[in-house]
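As structure tokens, the structure follows; a few thoughts come after it.
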Number of protein chains: 2
Amino acid sequence: MSTIKDIARETGLGLATISSYLNGGNVRPQNKILIQEAIEKLDYQRNDIARSLKTAKTNTIGVIIPQIDDAYFSKVVATISSSLYEHAYSMLVVDFGLDIKREKQAVEFLCSKQVSGIIDMPSNLTTRHLDRAMNQKVPIVLFDRAMPGKDLPVVKSDNFLAIDLAVDHLVRNGHRHIGFISGNQKIETAREREAAYYKALAKRGIKKKTSYVHRCDYVQQDSAAESAHKIIESNPEITALIASNMITMMGALQAFNEMDLRIPGEMSFVGFDDVRFAKAYNPQLTIIEQPIETIARQSVEILLREIEHKEKQEDLIKIYEPRLVEGKSVRKL
Amino acid sequence: MSTIKDIARETGLGLATISSYLNGGNVRPQNKILIQEAIEKLDYQRNDIARSLKTAKTNTIGVIIPQIDDAYFSKVVATISSSLYEHAYSMLVVDFGLDIKREKQAVEFLCSKQVSGIIDMPSNLTTRHLDRAMNQKVPIVLFDRAMPGKDLPVVKSDNFLAIDLAVDHLVRNGHRHIGFISGNQKIETAREREAAYYKALAKRGIKKKTSYVHRCDYVQQDSAAESAHKIIESNPEITALIASNMITMMGALQAFNEMDLRIPGEMSFVGFDDVRFAKAYNPQLTIIEQPIETIARQSVEILLREIEHKEKQEDLIKIYEPRLVEGKSVRKL
DNA sequence: TTGAAAGCGCTAACAG
DNA sequence: CTGTTAGCGCTTTCAA
């Protein structure tokens with residue numbers, strides 16, 4: 001592995017000249033050629049570790065995620081990755097499998113690695129796991145999750161609108177007995193969507209019934225399927241079911257299969273997030289689609305702005321609107 | 001940000017003692033306490049960049065992947081990530097969107113970052129993009145893809161068996177007109193599976209018909225759907241279709257929807273890879289399941305062994321067996 | 001424009 | 001067991 005010393009020796013020039021050339025500085029044309037030749041001859045490639053040590057910049061962003069192995073999160077990561085790539089940043093991914101301890105470890109790990117910034121999709125209700133990063137002034141953007149009073153920028157979609165759209169669509173089609181698969185209330189997304197469900201019913205004068213709602217772990221398809229079973233079996237009058245994220249959608253469909261329930265004949269259904277899946281399913285599913293790419297890109301933009309211009313943006317919270325994509329999984333009563 | 005100098009000053013000890021403590025060396029108990037207190041007081045955390053520069057080890061593995069945003073690859077990445085985590089390694093992910101130029105850039109980028117090793121899922125037929133890494137003696141493991149003569153370890157699943165299982169199952173159920181959605185022949189997986197299809201037919205004395213096979217890009221669902229349309233529309237006698245990866249499965253189902261074709265009534269179907277999806281689909285799908293976790297874990301094991309023990313393993317190729325998971329998407333004729 | 005020299009934070013001899 | 005010192009490969013003053 002050759003270093004700039006080698007190429008300095010090879011060319012007879014000084015270290016600073018080489019470094020200057022490498023970083024686009026002013027170098028006499030004939031020396032440029034000389035250096036370029038030496039670089040090719042010695043197969044030189046810059047050592048970014050050494051560079052990072054000196055400049056105290058890694059141009060690497062840490063992404064903390066509950067689980068990559070999930071259509072929603074993997075789409076998020078993919079978008080963040082390509083957006084980062086366009087800005088010449090790299091991405092260090094840590095998934096913590098919803099384990100709070102590991103989430104904290106992840107932050108400390110990333111700080112040790114001197115990441116330039118962190119995008120975090122927190123699974124719990126505090127920011128304590130972020131303390132170290134905040135102490136070290138590592139810029140952070142929260143994804144899908146607001147932390148009141150912490151003054152961290154947040155990017156998320158409008159969970160109230162999302163569920164309101166779903167309920168509205170069902171009510172317009174004559175449904176009044178609407179089940180709702182919710183999730184672990186430590187996850188803000190789940191909390192807000194459940195609250196949104198109750199609010200949407202109230203707004204339309206429909207009495208809520210707590211047995212219409214069941215909370216799964218929001219992570220495993222089987223857990224979601226179980227919730228669907230419980231809701232439907234203990235409330236046979238239900239004519240429609242809403243899944244409040246990707247996983248619960250899959251779980252609900254699995255449960256329908258297990259119970260041999262036909263959509264939309266015997267049960268109307270509104271799913272969440274995965275358009276490609278919705279298109280492949282038979283019948284095509286009506287779903288709520290979040291603007292994942294927009295949100296993910298935006299999180300990168302905000303983070304990089306803070307890193308590069310040091311412009312701390314006070315109380316920044318960006319909320320994007322989901323939309324309802326109509327399929328054939330809702331029956332008109 | 002405090003450094004070991006700060007904590008040396010704070011404790012009155014020398015740098016080496018602090019370093020020794022940090023790395024689990026022998027330090028007098030009373031000094032241990034002293035150091036620990038200083039660490040907490042100054043909120044010290046090790047700078048892994050400096051450490052890596054000195055030790056010439058980053059304990060970071062680069063993962064090069066066509067696209068994270070895909071149920072198969074995201075599962076692979078998730079497993080690699082958690083396996084790496086268990087070994088105290090971190091993961092730098094680069095997805096290159098099937099662009100060969102970017103694949104090469106990815107390798108060079110990772111080399112600059114001084115990764116300890118690379119797991120690559122190549123999309124093209126040469127290893128030229130890996131040249132730089134090979135020159136620098138960065139250990140590499142190939143995923144899903146063999147490179148004859150290059151002496152790089154490979155971990156993959158048995159594509160011939162995979163398709164043979166599918167064909168066998170269909171033939172046993174009386175099908176003889178079997179369509180096959182193939183993919184871009186630059187991708188070894190697609191090449192092998194297509195070859196396997198022809199071989200499996202021949203083995204059972206079924207005459208091949210090239211119009212029964214169509215190659216999509218293997219990446220986009222719409223492209224796969226188009227292939228399904230083509231195959232079925234120009235060969236109405238077909239009674240069954242095989243999808244040769246996750247994406248083609250989704251595309252085929254989308255096409256069935258668009259054509260209003262019922263499974264298994266009007267068309268029998270064997271899909272690929274995603275068990276959770278297969279369970280959620282109605283009817284439950286018969287699919288070929290690859291042992292993704294095993295393969296992913298194995299790729300990590302092999303790579304780390306080479307990194308840590310420097311034991312170059314000659315001509316290592318591990319092939320794992322897929323299995324057929326029976327659902328209800330194949331009709332008995 | 002170029003070269004010499006200092007130093008980023010850490011580890012690893014080596015000497016004590 | 002502990003302190004001193006050199007140096008990983010790079011960038012960055014500062015002079016020339």
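Values below: all heavy atoms of this structure, side chains included; hydrogens, waters and symmetry mates excluded. Lettering follows sequence order; numbering is per chain, from 1.
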Query raised in the report: Closer than 4.0 Å, any side-chain N/O of A/T55 to the OP1 or OP2 of D/dT11?
Result: no

Requested in this report: Could you list where the contact with chain A starts and ends along DNA chain C, reading 5' to 3', using a 4.0 Å heavy-atom cut-off?
Outcome: C/dT1 to C/dG9

**Report entry** Any side-chain donor near an acceptor of the partner, B/Y85 and A/Q105, under 3.5 Å
**Finding:** yes

Query raised in the report: So how far is it from B/Q298 CD to B/E301 CD, rounded to the nearest 0.5 Å?
Result: 6.5 Å

Query raised in the report: Can you tell me how far P of D/dC10 sits from CD1 of A/I49, to the nearest Å?
Result: 11 Å

Query raised in the report: Expressed in angstrom and rounded to an integer, what is the separation of B/L15 atom CG from D/dC1 atom C1'?
Result: 16 Å

Requested in this report: Can you tell me the distance, in whole Å, between the CD1 atom of B/I18 and the P atom of D/dT4?
Outcome: 12 Å

Requested in this report: May I ask you to say what A/T3 touches in the nucleic acid, namely base, sugar-phosphate or nothing, with a heavy-atom cut-off under 4.0 Å?
Outcome: sugar-phosphate

Report task. Determine the contact category for B/Y21: base if any of its heavy atoms lies under 4.0 Å from a base atom, sugar-phosphate if only primed atoms, P, OP1 or OP2 are that close, otherwise nothing. Result -> nothing

**Report entry** Nearest-nucleotide comparison on DNA chain C, the residue closer to the 5′ end among A/V27 and B/R51
**Finding:** A/V27

Query - Sugar-phosphate only, base, or nothing, as touched by A/A16 at under 4.0 Å among non-hydrogen atoms - result: base

Requested in this report: Would you mind classifying the nucleic acid contact of A/L13 as base, sugar-phosphate or nothing, using non-hydrogen atoms under 4.0 angstrom?
Outcome: sugar-phosphate

**Report entry** Salt-bridge present (A/R9, A/D6; N to O < 4.0 Å)
**Finding:** yes

Query raised in the report: Mind checking whether A/V63 and A/M121 have side chains closer than 4.5 Å, heavy atoms only?
Result: yes

Query raised in the report: For the pair made of CD1 in B/I4 and P in D/dT4, what is the distance, rounded to whole Å?
Result: 13 Å

Query - Nearest-nucleotide pick for B/N31, side chain only, options being D/dG3, D/dG9, D/dC1 - result: D/dC1

Query raised in the report: With sugar-phosphate meaning primed atoms plus P, OP1 and OP2, does A/N23 contact a base, only sugar-phosphate, or nothing at under 4.0 Å between heavy atoms?
Result: sugar-phosphate

Report task. Send over the distance from B/R9 CZ to D/dT4 C1', rounded to a whole Å. Result -> 17 Å

Requested in this report: Could you tell me the separation between the CG atom of A/L92 and the CD1 atom of A/I64, rounded to the nearest 0.5 Å?
Outcome: 10.0 Å

Query raised in the report: Among D/dC10, D/dC8, D/dT12, which is the nearest nucleotide to the side chain of A/S19?
Result: D/dT12

Query raised in the report: Distance only, no hydrogens: is a donor on one side chain within 3.5 Å (strictly under) of an acceptor on the other, for A/E293 and A/T79?
Result: no

Query raised in the report: Can you tell which of D/dT4, D/dT2, D/dG9 lies closest to the side chain of A/L53?
Result: D/dG9

Query raised in the report: Do A/V27 and A/L13 come within less than 4.5 Å of each other through their side chains, counting heavy atoms only?
Result: no

Report task. Return the value, rounded to whole Å, for the distance between atom NZ of B/K54 and atom C1' of D/dA6. Result -> 7 Å

Report summary line: With the side chain defined as heavy atoms from C-beta on, B/R28 is closest, among D/dC1, D/dT11, D/dG7, to D/dC1

